[in-house]
Novice: 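The structure follows.
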Amino acid sequence: MSRPVPDVPVAELNARTEHVKLLDVQVLSDHWYVLRKVTCSLRRRDGQWQTLTREAYDRGNGAALLLFDPHRSTVVLTRQFRLPAFLNGCADGLLVEACAGLLDGDDPETCIRREAEEETGYRVRQPRKVFEAYMSPGSVTEKLHFFIAEYEPQDRVRAGGGLVNEGEDIEVIEMPLVDALAGIASGTIQDGKTIMLLQHVALALRGIA
């Protein structure tokens, strides 16, 4: 399991910029990942300083990958239970997603090769990084590294499904890209990272991305 950095380097962060100064950092929870309460002073655009208190959840950074077969115009996705989604209105808690995982100390490409094989059973040949993004910057520190990779049916070397000892029970889904894009419009695909990757591939096919 990936662990975030245990201590925020306050002096280093305060030396990084002149418009924000960290005043106090308290660890509220360190059970699974780290939840901190941070008080800082922020210089507003009009030059005045304002003191703010915010909470930040640190779970480490991650990587996500969309497997795409350009010859058959299909993608490989997963379906698994997500407790936060279940708590916030997803009836069965099952989300359709691109494979993803935390870096666990690895570089992003090594991470996504590992996660793709664990979750989908496909061995990734040539992943290509397309962008990075902070997924919920108002409250979560996590930055995701996004990849796409072409695949063929013979690249599936194992069943996938994730790691039982980590509580994973992942269904592997192959579907036409057009159906996945329609799933965004219909609401059957609601995972942010997956929507971003599907739309990137769609734009790339149109010569836009």
Side-chain angles (χ1 to χ4, degrees), residues 1-17 19-44 49-66 77-112 114-116 118-119 129-147 162-163 165-170 187 189-198:
M1 181 178 67
S2 177
R3 295 292 295 172
V5 177
D7 296 306
V8 174
V10 174
E12 177 185 326
L13 292 174
N14 282 340
R16 183 186 300 174
T17 179
H19 72 273
V20 59
K21 300 300 178 185
L22 301 186
L23 304 176
D24 184 59
V25 179
Q26 301 177 39
V27 175
L28 301 181
S29 175
D30 191 10
H31 176 65
W32 191 252
Y33 299 113
V34 179
L35 177 64
R36 296 183 178 91
K37 179 181 178 181
V38 180
T39 301
C40 67
S41 185
L42 178 69
R43 186 170 63 192
R44 299 175 60 85
W49 288 86
Q50 182 177 19
T51 299
L52 304 173
T53 299
R54 299 287 187 268
E55 292 181 2
Y57 188 57
D58 183 0
R59 63 190 300 270
N61 296 326
L65 169 76
L66 181 64
L77 300 172
T78 66
R79 181 185 286 116
Q80 60 181 307
F81 177 74
R82 296 298 199 184
L83 177 63
F86 180 69
L87 296 175
N88 192 31
C90 180
D92 56 9
L94 297 174
L95 290 186
V96 176
E97 306 178 36
C99 63
L102 297 176
L103 298 187
D104 282 332
D106 288 329
D107 63 90
E109 182 174 324
T110 299
C111 165
I112 205 55
R114 177 190 71 239
E115 292 295 331
E118 286 179 2
E119 293 189 5
K129 187 173 179 179
V130 290
F131 52 84
E132 301 175 3
Y134 293 97
M135 296 304 294
S136 188
S139 58
V140 182
T141 62
E142 180 185 32
K143 178 168 67 175
L144 280 185
H145 303 261
F146 288 79
F147 293 80
L163 301 178
N165 64 336
E166 292 188 2
E168 295 178 331
D169 181 20
I170 299 172
I189 294 179
Q190 295 186 317
D191 175 66
K193 65 181 178 295
T194 306
I195 293 171
M196 294 165 71
L197 282 168
L198 288 169

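Everything numeric here is computed off the predicted structure, so don't read it as measured data.
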Novice: Testing the basics here: between Ile189 and Ile195, what is the closest heavy-atom pair and its distance to 0.1 Å?
Specialist: O-CD1, 3.8 Å

Novice: Applying side chain to side chain contact (heavy atoms under 4.5 Å, CB included), run through Val96 and Arg79 and close with a yes or a no.
Specialist: CA-CA 4 Å; Val96 176; Arg79 181 185 286 116; 4.0 Å; yes

Novice: Can you give me the closest heavy-atom contact between Lys193 and Ala100, atom names plus distance?
Specialist: CE-CB, 3.4 Å

Novice: Say you draw a straight line from NZ of Lys143 to CG of Leu103; how long is it, rounded to the nearest 0.5 Å?
Specialist: 10.0 Å

Novice: Taking everything shown except Asp24 itself, do over 12 heavy atoms lie less than 6.0 Å from its CG?
Specialist: yes

Novice: Measuring only between side-chain heavy atoms, which start at C-beta, is Val140 closer than 4.5 Å to Tyr33?
Specialist: no

Novice: Tell me whether Asp106 contacts the main-chain N or O of Pro108 through its side chain, where contact means a donor paired with an acceptor under 3.5 Å.
Specialist: no

Novice: Can you give me the closest heavy-atom contact between Gly62 and Glu142, atom names plus distance?
Specialist: N-OE2, 4.1 Å

Novice: Minimum heavy-atom separation for Ala85 to Leu95, with atom names?
Specialist: CB-CD1, 3.9 Å

Novice: To the nearest 0.5 Å, what is the distance between CZ (Arg82) and CD (Glu97)?
Specialist: 4.0 Å

Novice: To the closest 0.5 Å, what do you measure between CG (Leu65) and SG (Cys99)?
Specialist: 4.5 Å

Novice: Are there more than 12 heavy atoms of other residues, nucleotides or ligands under 6.0 Å from atom CZ of Phe131?
Specialist: yes

Novice: Got a salt bridge between Lys129 and Glu109, using NZ or NE/NH1/NH2 to carboxylate O under 4.0 Å?
Specialist: no

Novice: In Å, rounded to the nearest 0.5 Å, how long is the span from CG of Leu163 to CD of Glu118?
Specialist: 4.0 Å

Novice: Determine the interplanar angle of the Phe81 and Phe86 rings, folded into 0 to 90°, and report it as parallel if under 30°, tilted if 30 to 60°, perpendicular if over 60°.
Specialist: tilted

Novice: Heavy-atom distance under 4.5 Å between the side chains of Leu77 and Leu66, does that happen here?
Specialist: yes

Novice: Does a side-chain N-to-carboxylate-O contact under 4.0 Å join Asp104 and Arg114?
Specialist: yes

Novice: As an exercise, state the distance from CG of Leu144 to CG of Asn61, rounded to the nearest 0.5 Å.
Specialist: 8.0 Å

Novice: Keeping the roles fixed (side chain from Asn14, backbone from Leu22), state whether a donor-acceptor pair exists under 3.5 Å.
Specialist: yes

Novice: Looking at Glu168 and Gly162, what are the two nearest heavy atoms and their distance?
Specialist: OE1-CA, 3.2 Å

Novice: Where is the tightest heavy-atom contact between Met135 and Pro137, given as atom of each residue plus distance?
Specialist: C-CD, 3.7 Å

Novice: Can you check whether Ala98's main-chain N or O pairs, donor with acceptor, with Thr194's side chain at less than 3.5 Å?
Specialist: yes

Novice: So, taking the atom named CD in Gln80 and the one named CD1 in Ile170, what distance separates them when rounded to the nearest 0.5 Å?
Specialist: 4.0 Å

Novice: Within the 4.5 Å heavy-atom criterion, are Arg54 and Val38 side-chain neighbours or not?
Specialist: no

Novice: Classify the side-chain pair Thr17/His19 by whether it contains a donor and acceptor separated by less than 3.5 Å.
Specialist: yes

